[in-house]
Amino acid sequence: MTHCYLFEFMQGRGAGLRNLIDLQSLNKEDIFEIFHIADKIQEGNFKGFLNGKSIVLFFPNTSIRTRVTFEKGIDQLGGQPILFPSETLDKKEKLEDVCGYMNHWADAIVVRHRNMDVIRELARYSAVPIINAMTDRNHPCEIISDMYSLSKIREEFTKDKYLFCGESGNIGLTWKEAAGVLGFELSQCCPQGYEMEGVQVYRDIKEAVKGKDVICTDSFPADKLGDFKNYQITKEIMDMANEHAVLNPCPPFYRGEEVSEDVIDSDYFVGYQFKRSLLEVQQAIVIYCMLDGRKWD
């Protein structure tokens, strides 16, 4: 990206360092701004955006896709990723004091931690952007990436009808946040006791998929598989959805549990294709949070 265009882009799209804690803190224009930045990255822009910058990451050892794409994305932008395990934040030292030091050295902090309160506490005291890479309550980067991918294959993805099949957990709740921001219709299919508040709930999976365009899933609770035995998405079930409907299971998905073998091997499944954009979208999120109205050299 040329200096001239970058300066114009930054001046025209708002100033100030920003956190990404949840989708509810964004509006429709913010999300489409992130999409716009991701488009520009794919066109070869923003090279060197993070030159001389250090991004501190807190990730558990079990993270694969989110961690790989954040680390690689930061490196591709010219930045230095510095990785710690998430439990580093669980020490006796107050997070206020952790931020007191990090404010001198980090240019942004990406955090994957089960406890949402940890991320909110960091955001309270940090002088640099805090990016939520997943909690037990939500997963904003993942769902922004999925919506970006949807926008590339669905002409009017905000007018599609969405079905989430699974329990009230971080993935379903983030789809609910996204529906609130972008205004699309979202319903849920689950057994009794696993509902999200404020969302239409179906008990019959065959009834639920009728008239739907985008079907999303999350893995079923390992100790509650019996409760979900009638909620598996199969190719036969997808055949009941709208024409050109897509299946977007959140990884890791488990064949034979929330999805069948045959549906993953069908044309309905878009999971691998969607995650190709995760790299650029997470780069775009970092850039979005760090834009501050200055001309970057």
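- Residues passing the ring-ring contact (aromatic ring centres under 6.0 Å, His included) test with F269, sequence neighbours excluded: F253, Y272.
- Annotation for D267: atom CG does not count as buried by contact number, only 12 or fewer foreign heavy atoms lying within 6.0 Å.
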Which is it for F274 and I153 under the side chain to side chain contact (heavy atoms under 4.5 Å, CB included) test, yes or no, and what are the steps along the way?
CA-CA 10 Å; F274 272 29; I153 66 169; 3.6 Å; yes

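- Annotation: the span from E33 atom CD to L291 atom CG amounts to 6.5 Å, rounded to 0.5 Å.
- Here the CD1-CD distance, from I74 to Q283, works out to 9.0 Å after rounding to the nearest 0.5 Å.
- Applying the under-4.5 Å side-chain rule to Ile, Leu, Val, Met, Phe, Trp and Tyr, the cluster around I64 consists of that residue alone.
- Panel note: side chain D265, backbone D262; no donor-acceptor pair is recorded below 3.5 Å.
- Heavy atoms of other residues, nucleotides or ligands lying less than 6.0 angstrom from CD of E43 number more than 12.
- Residues passing the side-chain contact (heavy atoms from CB on, under 4.5 Å) test with D239 are K235, Y268, sequence neighbours excluded.
- Using the six-membered ring where Trp is involved, F157 and F35 have ring planes that are tilted, between 30° and 60° apart.
- More than 12 heavy atoms of other residues, nucleotides or ligands lie within 6.0 Å of CD in Q42, so this atom counts as buried by the packing criterion.
- Y194 belongs to a hydrophobic cluster whose other members, connected by ILVMFWY side-chain contacts under 4.5 Å either directly or through intermediates, are F220, L225, F228, Y231.
- The two atoms that bring I31 and L26 nearest to each other are CG1-CD1, 4.1 Å, heavy atoms only.
- Residues forming a ring-ring contact (aromatic ring centres under 6.0 Å, His included) with Y101 (at least two apart in sequence, or on another chain): none.
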Test I144 against C141 for side chain to side chain contact (heavy atoms under 4.5 Å, CB included), laying out the working first.
CA-CA 5 Å; I144 291 174; C141 297; 5.8 Å; no

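- Nearest heavy-atom pair, T217 versus F164, reported as atom, atom and distance to 0.1 Å: C-CE1, 3.9 Å.
- Here D30 contributes atom CG and L20 contributes atom CG; the two are 9.5 Å apart, rounded to the nearest 0.5 Å.
- Annotation: salt bridge (charged side-chain N to carboxylate O under 4.0 Å, His left out) contacts involving residues 97-117, sequence neighbours excluded, comprise R114-D136.
- Judged by distance alone, the side chain of N138 and the main-chain N or O of P140 form no donor-acceptor pair under 3.5 Å.
- Shortest non-hydrogen contact noted between A179 and L186 is CB-CB, 3.9 Å.
- A donor-acceptor pair is defined here as one N or O able to donate and one able to accept, closer than 3.5 Å; no such pair exists between the side chain of T135 and the backbone of M116.
- Between H139 and T66 there is a side-chain heavy-atom pair separated by less than 4.5 Å.
- Here side-chain hydrogen bond (donor to acceptor under 3.5 Å, both in side chains) pairs that include residues 159-171, with residues two or more places apart or in two chains, are R154-D160, E156-K159.
- Listed by chain and number, the residues in a side-chain contact (heavy atoms from CB on, under 4.5 Å) with D223 are P221 (sequence neighbours excluded).
- A side-chain hydrogen bond (donor to acceptor under 3.5 Å, both in side chains) check over residues 79-89, counting only residues at least two apart or in different chains, returns the pairs S54-Q80.
- Closest of all the heavy-atom pairs between C250 and E142 is SG-OE2, 4.1 Å.
- Nearest heavy atom pair, residue S277 against residue S145, reads C-OG, 3.9 Å.
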Show me the donor-acceptor pairs, under 3.5 Å and distance only, between side chains in residues 202-211 and residues at least two apart or in other chains.
{"residue": "Y202", "atom": "OH", "partner": "Q200", "partner atom": "NE2", "Å": "3.3"}
{"residue": "Y202", "atom": "OH", "partner": "K212", "partner atom": "NZ", "Å": "3.4"}
{"residue": "R203", "atom": "NH1", "partner": "C190", "partner atom": "O", "Å": "3.0"}
{"residue": "R203", "atom": "NH1", "partner": "P191", "partner atom": "O", "Å": "3.1"}
{"residue": "R203", "atom": "NH1", "partner": "E195", "partner atom": "OE2", "Å": "3.0"}
{"residue": "R203", "atom": "NH2", "partner": "E195", "partner atom": "OE2", "Å": "2.5"}
{"residue": "D204", "atom": "OD1", "partner": "K206", "partner atom": "N", "Å": "2.9"}

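- The stretch residues 172-189 participates, sequence neighbours left out, in these side-chain hydrogen bond (donor to acceptor under 3.5 Å, both in side chains) pairs: Q24-E177.
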Extract all donor-acceptor atom pairs below 3.5 Å that involve side chains of residues 118-129 and protein atoms in other chains or at least two apart in sequence.
{"residue": "R120", "atom": "NH2", "partner": "D22", "partner atom": "OD2", "Å": "3.2"}
{"residue": "S126", "atom": "OG", "partner": "V128", "partner atom": "N", "Å": "3.1"}
{"residue": "S126", "atom": "OG", "partner": "V128", "partner atom": "O", "Å": "2.7"}

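- For the residue pair I237 and Q232, the shortest heavy atom distance occurs at CG1-O, 4.1 Å.
- Side-chain atoms of N103 come within 3.5 Å of backbone atoms of C99 as a donor-acceptor pair (strictly under, hydrogens ignored).
- The local environment of CZ in R255 is crowded, with over 12 non-hydrogen atoms from other residues, nucleotides or ligands closer than 6.0 Å.
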